[in-house]
2 protein chains.
Amino acid sequence: MQKRLSKIDPSLVTNCPLFADMDKQAIADILNKGVAKHFKKGDRFFDQMDEATHFFLMLDGYLEVSKTTEEGAQVIMRHFGVGEIFGVAPAIAQKNYPATARALVDCVVVLWENKYWDHFLVEHPQFIKNAYKSVGERLAQSQERIVEMSTEQVERRVAHAVMRLTHQCGVKTEKGILIDFPVSRQDIAEMTGTTLHTVSRLFSAWSSKGLMQVGRQKIEVLEAHKLALLAQGQ
Amino acid sequence: MQKRLSKIDPSLVTNCPLFADMDKQAIADILNKGVAKHFKKGDRFFDQMDEATHFFLMLDGYLEVSKTTEEGAQVIMRHFGVGEIFGVAPAIAQKNYPATARALVDCVVVLWENKYWDHFLVEHPQFIKNAYKSVGERLAQSQERIVEMSTEQVERRVAHAVMRLTHQCGVKTEKGILIDFPVSRQDIAEMTGTTLHTVSRLFSAWSSKGLMQVGRQKIEVLEAHKLALLAQGQ
DNA sequence: CCGTTTCTTTGATCTAGAGCAAATAATCAG
DNA sequence: CTGATTATTTGCTCTAGATCAAAGAAACGG
């Protein structure tokens, strides 16, 4: 399931915004308090409603965070990539994780016991500030998404979702930008509040316009600019 | 427009969660750093995109926070009542307010210059912790709303919105629970991503079932339990 | 009190997109 | 290699709810 690593190399994280404006000594101290682990594709970091015991930093890989309703519908809240913290329940005084976090590819993360949050608050306030900055960005993004859901129709929302994926998790290829992990039509539907059928139809239309190239769980954006126009409503 | 008050009585805020687990001395010190002001119904506390200069605590009254899209559509993000902090841009390292805050009735607020955030972080960390707890609750509520928008149809969403209003801003009457400020059908539409027409139709149906009593910009819920059932989808 | 403005209601269309169904097409397990 | 499983596409139908239209009802300004 998951393997403990003996040691974390600080050079992996020096460019990460989470450690901005911090000296090497402080970074090393924080990393020493954490534990690095491998998670395989499909593994869960935590489940919705689990008691929150740790917070995490992604060193390598991608994950998705999703919520499931009582009726069983799944909504994908967000994706996280390298250098991002997640599962920060202690930061916002939540006793349980509000969602499920799942590895989309094989991952390496650092995880800390919750108690270190308060510890770092005193010892390394800059770290906490950096972490809250990213919490703030997520709050802002959530609210953007509410506006989107309230005012835009499906085509624009799907265009936005694909753009977000390319920005957060895209890798350049000869032809365009490829999403770096498997994404199904169903996944896109769960990110935008629509159905896989509608997503499939949109992708077919966009592909035939040369805007993107799609395959089974594969999305490659060829003309990002045109996609951006669609996201803005022409 | 707004009038400065000379002094703030600490007894106004001792029951407020923002000052939980704090001694009177600390509370008084924090209040002394702030300025109390009146805002009249309709006044703005700040506008979307304004440079963030202050953060606020509502002492008396209600406000709504809304975002406006490039196309001019308005989305009501949230309401705030007595004892809640708002406009906490410094908390999440945002330079500008992401939305507009408008007084729904005559209000009294305390406002602090942004620099005091960092000051309190050192001097009164418990205050900051309490504030972050409410930021966390807002993040959680935003995500709930995304799930709602993604999976529920209009009737349930409107039922949810009315329930939230009764919880946050309701006052008990002989017959039921009255929303304590004017709310139009258009307002409810902007909280739920629908149109005033659909809201009007729903309200008509619910009124004739005896579930609520409505008037011009007035909502009084008579049978909260039935409304809750509607919100859960029967 | 009266005209104006701002809300609300209700009816009559119209349509984006859900839901259903069934046929491909990839991938996987053995 | 082969059948089973999981994704995807595409056509057809149907409906929730938007949009359009127009008529009441409150509140407001002078």
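Because only heavy atoms are used, hydrogens play no part in the values below, and waters and symmetry mates are left out as well, while side chains stay in. Chain naming here is simple, since letters A, B, ... match the order of the sequence lines and numbering starts at 1 in each.
As a whole-Å value, the separation of A/Ile219 CD1 from D/dT8 P is 9 Å. The separation between B/Gln186 atom CD and D/dA18 atom C1' is 13 Å, rounded to whole Å. Taking atom CD of B/Gln213 as the reference point, atom C1' of C/dT8 lies 16 Å away to the nearest angstrom. For the pair B/Leu202 CG and C/dT9 P, the computed distance is 11 Å after rounding to whole Å. Remark: P of C/dC14 and CD of A/Gln153 are 18 Å apart, rounded to the nearest angstrom. Note: CE (B/Met149) to C1' (D/dA16) measures 14 Å, nearest angstrom. Atom CZ of B/Arg156 and atom P of D/dA16 are 15 Å apart (whole Å). With rounding to whole Å, B/Gln217 atom CD is found 10 Å from C/dT8 atom C1'.
Taking 4.5 Å as the limit, every side-chain heavy atom of A/Val110 sits out of range of all side-chain heavy atoms of A/Met58. In this structure the side chain of B/Glu71 never reaches within 4.5 angstrom of the side chain of A/Thr151, judged on heavy atoms. Looking at heavy atoms from C-beta onward, A/Val154 lies in side-chain contact with A/Arg157 at the 4.5 angstrom threshold.
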Return the polar atom pairs (N/O with N/O) between nucleotides 25-30 of chain D and the protein under 3.5 Å, or none.
from	atom 1	to	atom 2	distance (Å)
D/dA26	N3	B/Arg216	NH1	3.4

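Mapping A/Glu155 and B/Leu196 onto DNA chain C by nearest heavy atom places B/Leu196 at the nucleotide closer to the 5' end. Residue whose closest nucleotide on DNA chain D sits further toward the 5' end, between B/Arg157 and A/Val199: A/Val199. Nucleotides of DNA chain D nearest to B/Thr195 and A/Ser200 differ in position, and the one nearer the 5' end is that of A/Ser200.
The residue from B/Met191, B/Glu148, B/Gln232, B/Glu155 that alone fulfils the side chain to side chain contact (heavy atoms under 4.5 Å, CB included) condition with B/His160 is B/Glu148.
Counting distance only, with no hydrogens placed and no angle test, the side-chain atoms of B/His197 and the base atoms of C/dT8 include no donor-acceptor pair under 3.5 Å.
Remark: B/Lys218 NZ is packed, more than 12 non-hydrogen atoms of other residues, nucleotides or ligands lying under 6.0 Å away.
An OP1 or OP2 oxygen of D/dA7 is reached within less than 4.0 angstrom by no side-chain nitrogen or oxygen of A/Arg185. For D/dA18, the OP1/OP2 oxygens have a side-chain nitrogen or oxygen of B/Thr198 closer than 4.0 Å. For the OP1/OP2 pair of C/dT8 and a distance below 4.0 Å, the side-chain nitrogens and oxygens of B/Ser204 include no atom meeting the criterion.
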inquiry  = Let's go through A/Glu190 and A/Gln186 carefully: what are the C-alpha distance in whole Å and the side-chain angles of both, what is the deciding distance for side-chain hydrogen bond (donor to acceptor under 3.5 Å, both in side chains) to 0.1 Å, and is it a yes or a no?
reply    = CA-CA 6 Å; A/Glu190 287 173 2; A/Gln186 176 69 32; 2.9 Å; yes
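Minimum atom distance to the side chain of B/Ser184 is reached by C/dT8, of the listed C/dT9, C/dA12, C/dT8.
Aromatic ring centres of B/Tyr62 and B/Phe80: separated by at least 6.0 Å. Taking the six-membered ring wherever Trp is involved, the centroid distance between the rings of B/His54 and B/Phe46 does not fall below 6.0 Å.
With A/Thr69 contributing its side chain and A/Ala73 its backbone, the two residues share a donor-acceptor pair below 3.5 Å.
Using the six-membered ring where Trp is involved, A/Phe45 and A/Phe39 have ring planes that are tilted, between 30° and 60° apart.
End-to-end axis angle of the helix from C/dC1-D/dG30 to C/dG30-D/dC1, from C1' rotation axes over five pairs per end: 50° (rounded to 10 degrees).
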